[in-house]
Amino acid sequence: MKKTFNIRQTKTCVLKKVLLFYLFAFLPYCASAQTKFGYFSYQSAFKSMPEFAIAERNLESLKSQYNAELKRVEQEFNKKYEEFLEGIDVFAKPIRQKRQAELQEMMERNIQFKQDAKRLLEAAEKDAYLPLKTKMAKALSKIGQERGYTFILNTDSEACPYIDPVMGEDINEIVIRELNTDL
């Protein structure tokens, strides 16, 4: 029984040595294949898309509409508040309380509108940029497959302070060109 165990140990040891040999023999090939990558600035490419300018104009228009409404309701509140302050001494207690309650309600509605406007603008921005991000993802996938990249790196926000140009390829121009043609 002991011999069987030793034979198994020997076979396992030989198998491990063979696997290590192949691993070390093919490691340089695997390593070189893994290091082929592209890098680019996502923001630069994103802003180069013609659809980006359209989305920005639409979002600015929407923001200005919300800002105009916010300004209008603020002016309306300020006017009513000034009227309340002017008449505070002459109003009977029930009228003063009613007007205070109206001002409080108006202020709460304005705060709620401000929060809703912020949320709606964020949603509109997300919706406006979604087709652009989808187009970017398709372009990057196409470029990555065509050029045989293992990955494509986004260099924005100083995420990669150094990239060896021998190992990676700057594809900013390629991405911008791809985004500005029909996919």
Side-chain angles (χ1 to χ4, degrees), residues 37-145 149-163 168-183:
F37 66 93
Y39 59 93
F40 78 114
S41 167
Y42 191 95
Q43 287 300 319
S44 176
F46 194 71
K47 290 178 180 179
S48 77
M49 299 168 74
E51 300 91 339
F52 177 79
I54 295 167
E56 283 290 298
R57 272 195 311 274
N58 293 341
L59 288 171
E60 275 306 311
S61 173
L62 190 59
K63 284 177 189 176
S64 67
Q65 290 174 26
Y66 277 113
N67 286 336
E69 182 61 16
L70 286 168
K71 187 175 181 179
R72 185 195 69 75
V73 296
E74 185 178 308
Q75 288 172 343
E76 183 181 329
F77 176 81
N78 288 340
K79 181 181 173 194
K80 285 197 181 243
Y81 185 68
E82 287 172 10
E83 290 172 358
F84 173 75
L85 290 178
E86 289 172 0
I88 197 165
D89 294 331
V90 294
F91 293 143
K93 188 174 180 178
I95 295 172
R96 187 172 55 240
Q97 289 174 339
K98 178 185 173 279
R99 295 225 178 152
Q100 274 182 316
E102 286 175 355
L103 285 170
Q104 181 67 32
E105 184 182 319
M106 183 182 246
M107 185 169 57
E108 289 170 2
R109 279 194 323 262
N110 291 351
I111 290 170
Q112 184 63 47
F113 178 73
K114 211 177 256 191
Q115 291 170 348
D116 289 346
K118 182 180 178 188
R119 182 181 47 78
L120 291 169
L121 282 170
E122 287 171 357
E125 185 173 322
K126 186 177 177 183
D127 290 344
Y129 292 146
L130 184 61
L132 282 74
K133 289 180 178 186
T134 301
K135 182 177 180 180
M136 175 79 79
K138 287 179 182 176
L140 292 174
S141 179
K142 179 180 177 186
I143 291 167
Q145 289 173 358
Y149 295 139
T150 302
F151 60 90
I152 296 177
L153 192 63
N154 177 2
T155 59
D156 290 342
S157 303
E158 299 174 11
C160 298
Y162 173 74
I163 297 174
E169 180 182 7
D170 183 350
I171 60 169
N172 274 305
E173 294 302 317
I174 297 166
V175 173
I176 290 170
R177 190 172 41 249
E178 183 68 29
L179 289 171
N180 290 305
T181 60
D182 290 330
L183 288 176

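All values derive from a computational prediction rather than experimental measurement.
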Given side chains that start at C-beta, do those of [X] and [Y] come closer than 4.5 Å, heavy atoms only?
X      : Y      : result
Ser44  : Val175 : no
Ile143 : Tyr149 : yes
Ile111 : Met107 : yes

Just how far is it from atom [atom1] of [X] to atom [atom2] of [Y], taken to the nearest 0.5 Å?
X      : Y      : atom1 : atom2 : value
Leu140 : Glu178 : CG    : CD    : 9.5 Å
Glu125 : Asn58  : CD    : CG    : 12.5 Å
Lys118 : Leu70  : NZ    : CG    : 12.5 Å
Met49  : Leu179 : CE    : CG    : 5.0 Å
Ile152 : Glu169 : CD1   : CD    : 9.5 Å
Thr155 : Ile171 : OG1   : CD1   : 9.5 Å

Residues that [X] engages under side chain to side chain donor-acceptor pair (under 3.5 Å), provided they are two or more places apart:
X     : result
Ser41 : Asp156
Asn67 : none
Tyr42 : none

Open item on the list: Quick one: does any side-chain atom of Ser61 pair with a main-chain N or O of Arg57 as donor and acceptor, under 3.5 Å?
Closed with: no
TODO: Could you tell me whether the side chain of Ser48 and the main chain of Ala45 form a donor-acceptor pair under 3.5 Å?
DONE: yes
TODO: Mind jotting down which residue pairs meet the side chain to side chain donor-acceptor pair (under 3.5 Å) criterion with at least one end in residues 101-114? Sequence neighbours excluded, please.
DONE: Lys98-Glu102, Gln104-Glu108, Glu105-Arg109, Gln112-Asp116
Task: Pairing residues for Phe52 by the ring-ring contact (aromatic ring centres under 6.0 Å, His included) criterion, not counting sequence neighbours - done: Phe46, Tyr129
For residues [X] and [Y], report the shortest heavy-atom separation together with the two atoms involved.
X      : Y      : result
Leu153 : Cys160 : CD2-SG, 3.2 Å
Phe40  : Met136 : CE1-SD, 4.2 Å
Asp127 : Pro131 : O-CD, 3.2 Å

TODO: Provide the full list of ring pair (Phe, Tyr, Trp, His ring centres under 6.0 Å) pairs with a residue in residues 54-81, sequence neighbours left out, each pair given once.
DONE: none
- [ ] Start with the C-alpha gap between Lys138 and Lys142, add the side-chain angles, then the distance that decides, and say whether side chain to side chain contact (heavy atoms under 4.5 Å, CB included) holds.
- [x] CA-CA 6 Å; Lys138 287 179 182 176; Lys142 179 180 177 186; over 6 Å; no
Task: Glu69/Arg72 ion pair, N-O < 4.0 Å - done: yes
